[in-house]
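Notes follow the structure.
All chains are named by letter (A, B, ...) in the order of the sequence lines, taking the proteins before the strands, and each is independently numbered beginning at 1. On a predicted model such as this, the values are computed, not experimentally measured, just so you know.
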Number of protein chains: 2
Amino acid sequence: MKDTTSDTPLGELINQVRLLFHQAVSTGNQLHRDAGISMSMRAVLEQLAQYGATSVPDMARRRNVTRQHIQQIVNDLLEAGLVTQTLNPAHKRSHLIAMTPDGERLFENMRERERAFYTSLATELDGIDLTQLANDLAAVRAAIASRAEQIDTVST
Amino acid sequence: MKDTTSDTPLGELINQVRLLFHQAVSTGNQLHRDAGISMSMRAVLEQLAQYGATSVPDMARRRNVTRQHIQQIVNDLLEAGLVTQTLNPAHKRSHLIAMTPDGERLFENMRERERAFYTSLATELDGIDLTQLANDLAAVRAAIASRAEQIDTVST
DNA sequence: CCATTATGACAATATACTTGTCATGAAAGA
DNA sequence: TCTTTCATGACAAGTATATTGTCATAATGG
């Protein structure tokens with residue numbers, strides 16, 4: 001079973017990254033579908049759980065996406081009552097986003113489900129150093145990003 | 001510099017996969033933007049270059065996506081004159097998709113550009129076994145996919 | 001104080017997909 | 001052969017993740 005359509009190592013890696021990305025999003029959404037939570041919303045909740053109350057622009061900067069994108073997700077979470085706006089001592093206009101008790105409860109449930117799912121994969125993932133894998137991917141990404149900056153219609 | 005928002009190895013891996021996926025798509029589009037080719041179109045062209053003329057459903061099966069999705073891309077490529085429909089000896093109704101000379105020329109240009117880009121990354125990627133990385137990702141994906149099948153509102 | 005930058009709010013667009021439907025042509029079994 | 005089932009093409013709409021653009025206003029920094 002050949003899943004590749006590429007003939008260069010990097011091309012093949014990117015190909016696998018794409019496949020795994022879609023699998024992960026799809027499985028993640030499936031896992032949490034009854035909670036009405038998308039993977040994007042999950043990512044925002046995770047930041048709040050990990051770093052505490054954060055402003056929208058700061059979350060965007062941390063994830064390297066546009067503030068508008070985070071704003072959309074946060075608006076959905078606000079509507080769902082999973083986060084609230086609190087005063088930002090450092091900014092009068094830009095309030096901090098914080099999890100509500102409901103949000104915390106829901107997120108913990110999600111984590112529980114994920115833990116169970118991860119655990120069930122233990123056998124299949126035996127022999128793969130996931131942390132090393134993640135580090136290598138980060139290195140590849142950094143390399144690509146640094147070169148990509150230099151592209152400026154350098155076409156053939 | 002911490003790019004993670006996760007605290008489990010698998011979660012962190014998925015996180016890096018997402019980041020690299022977006023970086024790759026964005027860089028790929030940037031690299032080929034003057035050619036008017038998206039990464040989806042590129043993937044179809046690559047299949048045709050690698051396997052020769054193929055029917056739409058077969059390409060979809062090979063990439064594990066819906067035939068409708070491939071059809072959309074192929075329609076765009078047809079409109080751009082980069083591929084044509086040829087008679088399928090094995091099927092009267094389902095024609096084969098083949099690259100036109102224009103398509104082949106364009107694809108070769110793209111590959112040339114990519115090769116140059118990859119080469120410029122050699123130093124940064126030194127010490128990383130991209131092939132091993134790709135294989136490991138494929139294994140992780142297979143593990144997730146096999147478990148995901150079993151999810152059926154197994155919520156907490 | 002004034003110019004620049006940051007934020008929020010709103011809108012539109014892009015990309016890579018999916019699901020759904022329907023007519024028809026092809027394949028497979030009774 | 002007949003007929004039921006499956007595959008394909010054509011078309012439509014929707015989803016998920018994210019982007020770019022614009023505008024008014026608030027905050028910051030020289």
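In this structure, A/Ala134 and B/Gln16 approach most closely via the heavy-atom pair O-CG, 3.6 Å.
For the side-chain hydrogen bond (donor to acceptor under 3.5 Å, both in side chains) test, no residue two or more places apart in sequence or in another chain qualifies with B/Ser40. Shown here are the side-chain hydrogen bond (donor to acceptor under 3.5 Å, both in side chains) partners of A/Ser55, two or more places apart in sequence or in another chain: A/Asp58. Applying the side-chain contact (heavy atoms from CB on, under 4.5 Å) test to B/Glu124 and every residue at least two apart in sequence or in another chain returns A/Ala143, A/Ser146, A/Arg147. Scored by the side-chain contact (heavy atoms from CB on, under 4.5 Å) test, B/Ala53 finds B/Leu96, B/Ala98 as partners (sequence neighbours excluded). Residues forming a ring-ring contact (aromatic ring centres under 6.0 Å, His included) with A/Phe21 (at least two apart in sequence, or on another chain): B/Phe21, B/His22.
Applying the salt bridge (charged side-chain N to carboxylate O under 4.0 Å, His left out) test to pairs two or more places apart or on separate chains, those with a residue in residues 95-104 of chain B are B/Asp102-B/Arg105.
Summarising the geometry, the separation between CG on A/Leu20 and P on C/dC17 is reported as 13 Å, rounded to the nearest angstrom. What separates CE of A/Met59 from C1' of C/dA6 is a distance of 16 Å, to the nearest Å. Between the CZ atom of B/Phe21 and the C1' atom of C/dA14 there is a distance of 13 Å, rounded to whole Å. Atom CG of A/Leu87 is separated from atom P of D/dA27 by 12 Å (rounded to the nearest Å). Between the NE2 atom of B/His69 and the P atom of D/dT8 there is a distance of 17 Å, given to the nearest Å. Summarising the geometry, the separation between NE2 on A/His22 and P on C/dT19 is reported as 13 Å, rounded to the nearest angstrom. Between the P atom of D/dT17 and the CD1 atom of B/Ile14 lies a distance of 13 Å, rounded to the nearest Å. Taking atom CD on A/Gln23 and atom P on C/dC17, their separation rounds to 13 Å, with Å as the unit.
A/Arg113 and A/Glu108 are not joined by a salt bridge, as no carboxylate oxygen comes within less than 4.0 angstrom of a charged side-chain nitrogen.
Between A/Ile70 and B/Ser55, the residue whose closest nucleotide on DNA chain D is further toward the 5' end is B/Ser55. In terms of position on DNA chain D, the residue among A/Met39 and B/Val56 whose nearest nucleotide sits closer to the 5' end is B/Val56.
Nucleic acid contact class of B/Ser38 (heavy atoms, under 4.0 Å, all strands): sugar-phosphate only. A/Ser40 comes within 4.0 angstrom of the backbone, heavy atoms only, and of no base.
In the model, B/Gln47 has a side-chain atom that pairs as donor or acceptor with a side-chain atom of B/Arg62 under 3.5 Å.
The C1' atoms of five pairs define one axis at each end of the helix from C/dC1-D/dG30 to C/dA30-D/dT1, and these two axes lie 30° apart (to 10°).
Of the candidates C/dT18, C/dA16, D/dT20, D/dT20 carries the atom nearest the A/Thr66 side chain, counting heavy atoms from C-beta on. Here C/dA16 is the nucleotide among D/dA18, C/dT7, C/dA16 with the atom lying nearest to any side-chain atom of B/Val25.
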Which donor-acceptor pairs under 3.5 Å do side chains of residues 67-78 of chain A form with protein atoms, sequence neighbours excluded?
{"from": "A/Gln71", "atom 1": "NE2", "to": "A/Asn75", "atom 2": "OD1", "distance (Å)": "3.3"}
{"from": "A/Asn75", "atom 1": "ND2", "to": "A/Gln71", "atom 2": "O", "distance (Å)": "3.3"}

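Contact annotation: A/Arg61 side-chain N/O to C/dT7 OP1/OP2 distance is under 4.0 Å.
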With sugar-phosphate taken as primed atoms, P, OP1 and OP2 and all else as base, the protein-contact string of nucleotides 10-15 of chain D at under 4.0 Å (heavy atoms; B, S, -) is BB-B--
